[in-house]
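Since the structure comes first, as C-alpha cells, the remarks are kept for the end.
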Amino acid sequence: MAIRGILGSFAREEDVVAATEAARERGLTILDVYTPYAVHGLDRAMGLEPSRLPWVCFLLGLAGAGLKVWFEYWASAVSWPVNVGGKPWNSLPAFVPITFEVMVLFAGVSTVVAFLWVAGLRPWRRARLPHPAVTDDRFVLLLAVTNAAIPVGSITQLLALHHALEIQERDFEEVP
Amino acid sequence: MAGDSVRPLAATDAGIPSTMTQGEAVGVGRLAGIVAAAAAVVLVGGIVAGQPRAWAGWLLASFGLTTAGLAGIVFVATQYAAGASWSVAFRRLPEALAAVLPVGAVAIVSLAALATSGYPWASHHEFHGGAAAQFKALWLSRPFFAVRAIAYVLVWIVFARAIVANSRRQDAQGGPEYSSRNTRLSIAFLWAFAVTFSLASFDWIMSLEPEWYSTIFAMYNFAGLFSSGLAIVVLLAVWLRSGPLATVIGDDHLHDLGKLLFAFCTFWMYIWFSQYMLIWYAHIPEETTYYVARTRGAYEPLFVANVILNWVVPFFALLRRGPKRRPSLIARVAVVVLVGRWLDLYLMIVPPFAPDGPPFAVWEVAGALALVGSAVWAIERGLRAAALVPACDPRLGESLHYHV
C-alpha cells in the first residue's frame with residue numbers, strides 16, 4: 001500500500017537530528033530516518049522504544065546453557081558414566097567451560113538471526129531507497145501526511161527551518 | 001593541530017570548575033588520614049610484638065593500597081594507549097586514585113625490606129623438589145626479595161609520576177604534544193607493568209605458601225586490581241557528579257564505566273574459575289592445598305561470598321541498561337565490589353596465618369581501617385592537587401559531547 005509522505009533531505013547529521021526531534025514534538029508521524037552511517041542520539045530523537053534484542057540474547061543464552069548442562073549430565077552420569085580421576089559422575093565444575101561456550105553460541109547466533117528476522121533482511125530483499133543519496137552523503141527524514149490537523153505547508157516549513165536541501169511530497173511504495 | 005586552537009574553548013564554555021573547593025571533603029580526608037595512622041600504629045605495634053596476624057593485616061592493607069593506586073594509573077594508561085576520548089572529562093579521577101600508589105608502595109617496601117617474618121621462607125624453610133627448590137631458595141632470599149620490591153615500586157612510581165605530571169602540565173601550557181608524549185609513556189608503562197606486577201604478585205602473595213603455585217595467579221590479581229579500581233572511579237564519579245562535575249560527567253560516561261565494571265567483574269570470575277577448575281580437575285596434592293585451606297570449616301561461606309560479591313551481584317545488577325545509568329544503583333554495586341575486593345585479599349592472605357577458621361578481630365579491623373583510611377586520605381589529596389578537568393586536553397571537547 002502506498003503511503004503519502006513528505007521527504008526532507010539534509011546535508012548535516014545535526015540538522016536531521018534536530019528536525020526529527022522537532023517533528024516528534026509537533027506530533028508528526030515519523031515513517032523513518034535514513035542515514036549513510038549510524039547517527040548517535042537519533043533513536044532518542046525518533047522516540048524509538050529500546051530494542052528487545054537483549055531479551056532474545058539473554059533468554060536464548062539461558063536456554064543454551066540449561067540444555068547443555070542437562071545434556072552433559074545425561075551423557076556423563078546417566079547414559080555412559082565414565083570414571084574420571086575418581087570424581088563424581090555429575091561433576092558440575094567440569095561442565096562449565098562447554099556450558100559457557102554453548103551459551104555464547106546460542107546467545108550470539110540467536111541475536112543475529114532475530115535481528116535479521118525483525119529487520120526483514122533477506123537475501124532476495126531489494127532495498128527501496130527514498131532517495132539515492134542516503135547511501136552517500138545525505139540524511140533523509142520521512143514524514144507521513146496522515147493527520148489532517150497538520151497542514152502540509154507547516155510540515156514543509158518545519159523541514160525548511162532545519163536547513164532541508166530538498167523537500168518532496170509524494171507516494172512511497174514501501175516503508176519498512 | 002596547533003596548540004592554541006585547542007586551548008580551553010570547551011572548558012570555559014561549559015563553566016567547568018577549576019579546582020575542588022569542597023570543605024567537607026578536606027575534613028573527611030583528614031579524618032580518614034588520622035584513622036589510617038592510628039590503625040597503622042596498632043599494626044606496627046602488633047608486628048613488633050611478634051603477632052603474625054598483625055603482619056598479615058599490614059600486608060593486606062599495603063597490597064590493597066598498591067593495587068588500588070596501580071589501577072588508577074593503569075586505567076589512565078589504557079585510555080592514552082587506545083587514544084580514547086570518552087574518558088578524558090573524568091581522567092582526573094583515576095589520576096587522583098594513582099596518588100594512593102606511593103602510600104601503598106612505602107608500606108609494602110618497608111614490609112619487604114624490614115619485616116619478612118610472615119613469609120614461611122624467611123625463617124629456615126626447606127623447599128622440596130630438585131632444581132625448582134634451588135631456584136626458589138635463590139629467588140626467595142631476603143636481600144634479593146627486598147631489592148626486587150624496591151625495583152617494582154620504583155618503576156611504577158616513576159611512570160605514574162611522569163604520566164600524571166604531563167597531564168597536569170598540559171593544563172598550564174596547552175598543546176597536544178603532552179598527549180602524544182603520554183601515549184608513548186603509557187604503552188611503555190603497560191609493558192613494564194605486565195611483567196613487574198606479575199612478579200610482584202608471585203613475590204608478595206603467592207610466596208605466603210611457597211610450595212604452592214598457580215601460573216594464572218598474576219592474571220587473577222590483575223583482574224581484582226582492575227575491577228576494584230573501576231569501582232573506586234565509579235564511586236568518585238557519582239560523588240563528584242552531584243557537585244563540581246555535574247555538567248561534565250554525563251549519564252553516558254557513567255554508562256560506559258558501568259559496562260567496564262560489569263566486564264571486569266566477569267573477567268575476574270573467568271580467571272577465578274580458570275584457576276579453581278584446573279586445580280580441582282588435576283587434583284594434585286601440592287596444588288589443592290590452597291583450596292583445602294580456603295574451603296575448610298567457616299572459611300567455606302566466605303569462599304562462596306567472595307564469588308557472590310565480586311561477580312554474582314555486579315553481573316545481575318548491571319546486566320541491563322538502566323542500572324548502569326542510575327547513579328545510586330551503580331554506586332551501591334561499586335561498594336559491593338570493593339567489599340568483595342577486601343574479602344578476596346583476605347582469602348588470599350589470611351588463611352595461612354589462621355588455619356582453623358577465619359579471624360576477624362583487632363588486627364583484621366586495623367588492616368581494613370588502614371586500607372580504607374589511607375586510600376580516602378590519598379585520593380582526597382590527589383583530587384585537590386590539580387584542576388578537576390584537564391581543560392587543555394585536545395580530546396576534551398569530544399569527551400564532553402560523548403554519546404553512547
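Just so it is clear, the values below take in all heavy atoms, side chains as well, and ignore hydrogens, waters and symmetry mates. Here is how names work: the chains are called A, B, and so on, in the same order as the sequence lines, proteins then strands, and each is numbered from 1.
Among all heavy-atom pairs drawn from A:Pro93 and B:Phe273, the shortest one is O-CZ, 3.4 Å. Taking both residues in full, the closest heavy atoms of A:Ala94 and B:Tyr281 are given as CB-CE1, 3.6 Å, listed atom of the first, atom of the second, then distance.
Using a 4.5 Å cut-off between heavy atoms, B:Arg320 contacts chain A through its side chain alone, with no backbone atom that close.
Looking at heavy atoms from C-beta onward, A:Pro97 lies in side-chain contact with B:Met277 at the 4.5 angstrom threshold.
Enclosure of atom CE in B:Met219 is not indicated, since only 12 or fewer non-hydrogen atoms of other residues, nucleotides or ligands lie within 6.0 angstrom. For A:Trp55, the CH2 atom counts as loosely surrounded, since its 6.0 Å shell holds 12 or fewer non-hydrogen atoms of other residues, nucleotides or ligands. By the neighbour-count criterion of 12 heavy atoms within 6.0 Å, atom OH of B:Tyr270 is sparsely surrounded, having that number or fewer from other residues, nucleotides or ligands.
Annotation: side chain to side chain donor-acceptor pair (under 3.5 Å) contacts of A:Glu25 (sequence neighbours excluded): none.
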